[in-house]
Amino acid sequence: MLNLTILEGRLTRDPELRTTKSGTEVATFTLACDRPKRKDAEQQADFINVVVWQKSAEFLTNYFHKGDGIQVQGRIQTRSYDDKNGNKVFVTEVVAYNINFPLTSKAKSNANTASTDRTNTANQVPTIEDPFVDTNSVDISDDDLPF
C-alpha cells in the first residue's frame, strides 16, 4: 500500500507553532494549491490542512510565512473526535515529513529577471550528451551475428 502526497502551493496564513504536553513541537498551516486551469474558466484552488512535527515544525515557522511558496511531502491522514456539543467531527489532513522551498516560484523568477546583469550559474541546466547516440556506424555482416 502507498500513501504518498506531494504538494506545492502557498501558505494562506503564518504557521501556528505549538508544543505538546510531552514537549514535542507541532505546527499547522493551510496550503493553497492551484487546480489545473480550464480553458475560459476562473482559476480555482484547494485549501489543504497540513501538520508538521518536531524539527520540521521549527524550520517551517522560522523560514515560511503567509503567502510564501512551499513544497510539502507527506501522507494523508484521517481522524475523528467529538466536539463540545458531542458531534463527531472528521478531519482529513496531510502529515508532512519533508518541507522544501518550492521548485517553481514567482518570487524567484521575478528576482532573476530583476538581476539580468548577473549570471546565475546555479539555475542553468547543464548540457549532457546522450550516451546512446550512435556517431560511428559499425559494419556487421550477417555471418557475425550469433542468431
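Counting begins at 1 with the first residue of the sequence.
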Say you draw a straight line from CG of D14 to NE2 of H65; how long is it, rounded to the nearest 0.5 Å? 6.5 Å

I want to check something: taking the side chain as every heavy atom from C-beta on, are L60 and L17 in contact at a cut-off of under 4.5 Å? no

Return the set of residues passing side-chain hydrogen bond (donor to acceptor under 3.5 Å, both in side chains) with Q44 (not counting sequence neighbours), or none when no residue passes. R35

Contacts of R79 meeting side-chain hydrogen bond (donor to acceptor under 3.5 Å, both in side chains) (sequence neighbours excluded), chain-then-number -> E93

Compare all side-chain heavy atoms of I76 with those of T92 and state whether any distance is below 4.5 angstrom. yes

What residues, two or more places apart in sequence or in another chain, satisfy side-chain contact (heavy atoms from CB on, under 4.5 Å) together with E58? E25, K55, N62

Side-chain cluster (under 4.5 Å, hydrophobic types only) that V51 belongs to, other residues: V26, W53, V95

Which heavy atom of C33 sits nearest to which heavy atom of E8, and what is that distance? SG-O, 3.7 Å

Set of residues satisfying side-chain contact (heavy atoms from CB on, under 4.5 Å) with respect to F90, sequence neighbours excluded: S80, K88

By the rule that ILVMFWY residues connect when side-chain heavy atoms come within less than 4.5 angstrom, directly or transitively, which residues belong alongside Y81? V89, V91

Between atom CG of L11 and atom CG of D68, what is the distance when rounded to the nearest 0.5 Å? 6.5 Å

So how far is it from R18 CZ to T24 OG1, rounded to the nearest 0.5 Å? 12.5 Å

Could you state the interatomic distance from CG (N98) to OG (S56), rounded to the nearest 0.5 Å? 7.0 Å

Can you name the side-chain contact (heavy atoms from CB on, under 4.5 Å) partners of Y97, sequence neighbours left out? L4, Q73

Is there a side chain to side chain contact (heavy atoms under 4.5 Å, CB included) between V50 and T28 once you walk through the steps? CA-CA 6 Å; V50 182; T28 57; over 6 Å; no

Under the side-chain hydrogen bond (donor to acceptor under 3.5 Å, both in side chains) test, residues paired with T19 that sit two or more places apart: none

Give, for atom CD1 of I70 and atom CG of L31, the distance between the pair rounded to the nearest 0.5 Å. 7.0 Å

Which is it for F101 and F64 under the ring pair (Phe, Tyr, Trp, His ring centres under 6.0 Å) test, yes or no, and what are the steps along the way? CA-CA 9 Å; F101 294 97; F64 292 94; 4.9 Å; yes

Those residues that, when tested against N85, pass side-chain contact (heavy atoms from CB on, under 4.5 Å) (two or more places apart): D83, N87

Check whether any side-chain heavy atom of T30 lies under 4.5 Å from a side-chain heavy atom of R13, and answer yes or no. yes

CA sep, side-chain torsions, deciding dist, call: T12, F29, side chain to side chain contact (heavy atoms under 4.5 Å, CB included): CA-CA 8 Å; T12 62; F29 64 96; over 6 Å; no

